[in-house]
Amino acid sequence: MPVTRELNEDSHLYLVDASGYIFRAFHALPPLTRKSDGLPVGAVSGFCNMLYKLLAESKEVTGNGKATHFACIFDASSKTFRNDLDPRYKAQRPPTPEDLAPQFPLVRRAAIAFGTPAVELDNYEADDLIAAYARIAEEKGAKVTIISSDKDLMQLVTDKVSMMDTMKDRHLSFEAVMDKFGVAPDRVTHVQALAGDSVDNVPGVPGIGLKTAAQLINEFGDLEALLKFSSEHVPDKKNKAHELLTFKRHENLVEFADDARISFKLVTLDDHTPVPVAIEEFGVCEPELEQLVPFLDEMEFRTITRRVVQALGDGAEPVATPASGEATIPVTETNNVFDTSQYTTLIKPDDLVEWMRRAQAVGVIGVDTETDGLDAIGANLVGVSLALGPNDACYIPLGHTGDGDLLGDGAPEQMDMKLALGILKPMLEDPTILKVGQNFKYDVNVFHRAGEKFLDEPIIPYPIDDTMLLSAALEAGQHNHGMDVLSELHFDHKPIPFKEVAGTGKKQITFDKVPVPEATKYAAEDADVTLRLWALLKPRLSAEGMATLYETIERPMVPVVAQMERAGIFVERETLSRLSGDFAQRMAQYEAEAYELAGREFNMGSPKQLGEILFGEMELPGGKKTKTGAWATGADALEDLAAEGHELPKILLGWRSLSKLKSTYTDALGECINAETGRVHTSFNLVGAQTGRLSSSDPNLQNIPIRTEEGRKIRAAFVAQEGNVLIAADYSQIELRLLAHIGNIDTLKDAFNNDLDIHAMTASEMFGVPIEGMDPMIRRKAKAINFGIIYGISAFGLARQLGIPRGEASEYIKAYNAKFPGILKYMDEMKAFAREKGYVETAFGRRIWMKGINGKGPERGFAERQAINAPLQGSAADIIKRAMVKMPAALEKSGLQAKMLLQVHDELIFEAPKAEAEKTIKLVKKIMETATFPVMDLSVPLLVEAEAAHSWNEAH
DNA sequence: TTGCTCACG
DNA sequence: GACGTACGTGAGCAAA
């Protein structure tokens, strides 16, 4: 029990922001469940460890560090007086995760068990109580340490009050606050009131972020002074009222003054909150073993129980722990030693049942599937591997078809598929067991289909984590995220290559033919590596601030995209083969004409032979070499020649486009039609692009032709099935809109807010021509420039794109920068940010690491353009992913049958019953247009155009 | 396997 | 003053 003790100048009060800690621990620490019944206790465990460490340390530290008073402060309920101030406050908070909710009462008990008061007060947040106690302690001359990393508490920092982040083992002092907010702690609330907070839904003033807010407060002193100045000094047409107040900022400060005042109240902690327990009651005492040990025991925390008993007790062994005799090395204690001889092959159902029991006890399991093919939709399940700890992995052969007695022991070679899946299913769907995979979308689909086939109902693994997605969230741009790369990088261990077990080239066999002993080594190792990667990467998520991105965008994509891959899209085989024939005929004509002109036959598909003919034999002028010294025969070069009146290049261009369409699309796509479903099932790579975009392969359905009439005929072969329509919904100008928002460029924002033709507006501004009756060529130039901006423009690139001299392009860029100075500022900021941090960020916090940003020459220029483009392309990717994640539930809630089939970067394709087309379009548009909500409200509207039709060609 | 070319956003 | 460049992908073919 805490003791009563007066506070004076020698006192030191520790205040633990317990509620804040729980949330952070929950996301940062590996999930942990109580062995006996699966009760989730990860946050409780983290809390106990933290308390123990804190109490032990503060005992040892002499002088100011030593705690004389100690208390854990909790939120009492989710509703507080702030909700009455503004109903928006924290209104968008997602519901508490299921496996976190039961831990709150346990953490309160933990605090009490450690002999520290657990304090809370209805209608107030923990932060308010902390503010009140800190004030009281300070008035008595005591020192205060607040255990939290919550920025909302930073306003309390003084020379007596400091903060400590135990997870990062870091003290936050006056300087750290200055660093974060750009103002002294006592001005923090003023800055927050202006900048707002999307996490807590504090409105703030639009267009003012932390940086601007800090500048303004430093200039005007406080919020009221600033608001007063803004309302009293109306700027005139030409002159701003103050150097820091752009017209837009000034306008917003006047218009949203009330929001700012409300925000100020929301962010200001009430340090006169009535305290439910007198501060003198917080006197530190030794925890009482009689109270603490039973609690720790009940939680089944063996390690910490032992520690506590050794530190505080008489050396006696702790109370006996459950006698399960588990020998599993905790997954968190990974090492780099791999021993494939420890892997086991599971043949007997009883052994599998025992593994399921252990999975239950450990609470997290590495899972990998082996199949007889590469695509998750066509391939069959061959085996499953599991891992529960380093070198503690097994393989369950299920569909091996090799001849003979595979193990040579006369035992049955493998378990019955149906029986094994029946045992695995409850574990895979058990909400208290976390399934960890590498590229788990593949395994999700394999399990889904195997369940349907053998158990008459799908197996839907949940909950899951994906090491590939973890790696991409943490290190996009640094390397790719295949298991081999990650294993070598993190463990300096090269897993057995697939080729080693399956062979290569013609002799390659499918996995079902691989002898079980080799299959066990290969497959179990994959599960082992995966689980070790998880133990390494998962805790880094929160530590590096990437948990929200991963949990709200990346991981939820797995089931959504898996469903899209299973759905596939119907493609008319007849249309494709008719086109193939048509193209072949016309190519033959082109070939005949080309041979005639060249004076001999040659391979038109060979750039080498082509170069020799054009620039060697025919001696056409202007030939350029590629970097390897070969003649360049790309479309640009051929077009130049054609423009000079040469016939052969024209023919080649025509032949090339047909050849491309035929080989890549009309021929290849027909081969991709799945025999069972009659549809084409692409594979989406969730980490295909470092910017966060998806990529599509086998076949790539994100590059189906559209720009030419011939190409569109291919798109017309993608159709809805009888009674359905395809719906194509695409974001209009999303990257330019994001440029307007992120770069905070008023002219662009106004244009989008007034629904103007953005390219015409640009042209009008730059060239001083009216929008009405504009020359299409002028608009085209402006459009090219707008695109160029997004790509990190250069005079060279623009000149090439528009076919104009470089000097002219240079003039355009100058004119552009003069008219839209904000964009130059955006570009400089991105470059500077990338140089300093080594990465850039998207709107939703995705990080893209830049290689070579601090290098020199071309390498650096490349990285700089990337730094300009990546936040825009990546933010657009964030947004459409958010829409995709929300979509299935929204459709279901509206009772609509529509299925999402494809994503093409800024476009989603659905198939829906004809009768529901109208309603589906309406809903899809709404979800896509509001995808940033409630976390973010862009300063420009997002516009989605959607249409329904029989074919993809007509729908787009 | 590498380079070239070209389909898409 | 020259360097080299538009950003992000995947696939098929030729040529080694």
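Predicted, not measured: the structure shown is a model, and the values here were computed from it. Within every chain, numbering begins at 1; the chains are lettered A, B, ... in the order of the sequence lines, protein sequences first and strands thereafter.
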Do [X] and [Y] sit within salt-bridge range, that is, some charged N less than 4.0 Å from a carboxylate O?
X	Y	value
A:Lys881	A:Glu554	yes
A:Lys899	A:Glu911	no
A:Lys650	A:Glu639	no
A:Glu709	A:Lys713	no

Exercise for the section: Answer yes or no: does atom CG of A:Leu374 have more than 12 heavy-atom neighbours from other residues, nucleotides or ligands under 6.0 Å? Expected result: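 No, not enclosed.
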Exercise for the section: Assess whether atom NZ of A:Lys819 is packed by more than 12 heavy atoms of other residues, nucleotides or ligands within 6.0 Å. Expected result: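 No, the 6.0 Å shell around NZ holds no more than 12 heavy atoms from other groups.
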Provide, to the nearest angstrom, the distance between the [atom1] atom belonging to [X] and the [atom2] atom belonging to [N].
X	N	atom1	atom2	value
A:Gln733	B:dG9	CD	P	13 Å
A:Leu653	B:dT5	CG	C1'	12 Å
A:Ile704	B:dC6	CD1	P	18 Å
A:Tyr665	B:dC8	OH	C1'	7 Å
A:Ile879	B:dG9	CD1	P	19 Å
A:Trp631	B:dG3	CH2	C1'	18 Å

Problem - A:Thr628 side chain near B:dG3 phosphate (N/O to OP1/OP2, under 4.0 Å) - result: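 False: A:Thr628 side-chain N/O out of range (4.0 Å or more) of B:dG3 OP1/OP2.
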Practice task
Could you tell me whether the phosphate oxygens of B:dC6, OP1 or OP2, come under 4.0 Å of any side-chain nitrogen or oxygen in A:Arg656?
Solution key: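 Answer is yes, contact under 4.0 Å.
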Practice task
Pick the P atom in B:dC6 and in C:dG4, then give their distance to the nearest Å.
Solution key: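 Nearest-Å result for B:dC6 against C:dG4 at atom P: 23 Å.
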Problem - Same-atom distance (P) from B:dT5 to C:dT5, integer angstrom - result: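 Nearest-Å result for B:dT5 against C:dT5 at atom P: 14 Å.
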Practice task
Provide the start and end nucleotides, 5' to 3', of the part of DNA chain C that has atoms under 4.0 Å from heavy atoms of chain A.
Solution key: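 Footprint of chain A along DNA chain C, 5' to 3': C:dG4 to C:dA16.
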Problem - Watson-Crick or G-U wobble mate for C:dA11, both contacts under 3.5 Å - result: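 B:dT5 - that is the nucleotide pairing with C:dA11, both distances being under 3.5 Å.
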Handout entry: Pairing partner (Watson-Crick or G-U wobble, both distances under 3.5 angstrom) of C:dC3
Key =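 Base-paired to nothing in any strand shown.
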Exercise for the section: Enter the distance from A:Ile613:CD1 to A:Trp631:CH2 here, rounded to the nearest 0.5 Å. Expected result: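 Interatomic distance, A:Ile613 CD1 to A:Trp631 CH2, rounded to 0.5 Å: 13.5 Å.
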Handout entry: Nearest-nucleotide comparison on DNA chain C, the residue closer to the 5′ end among A:Gly605 and A:Ser794
Key =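 That would be A:Ser794.
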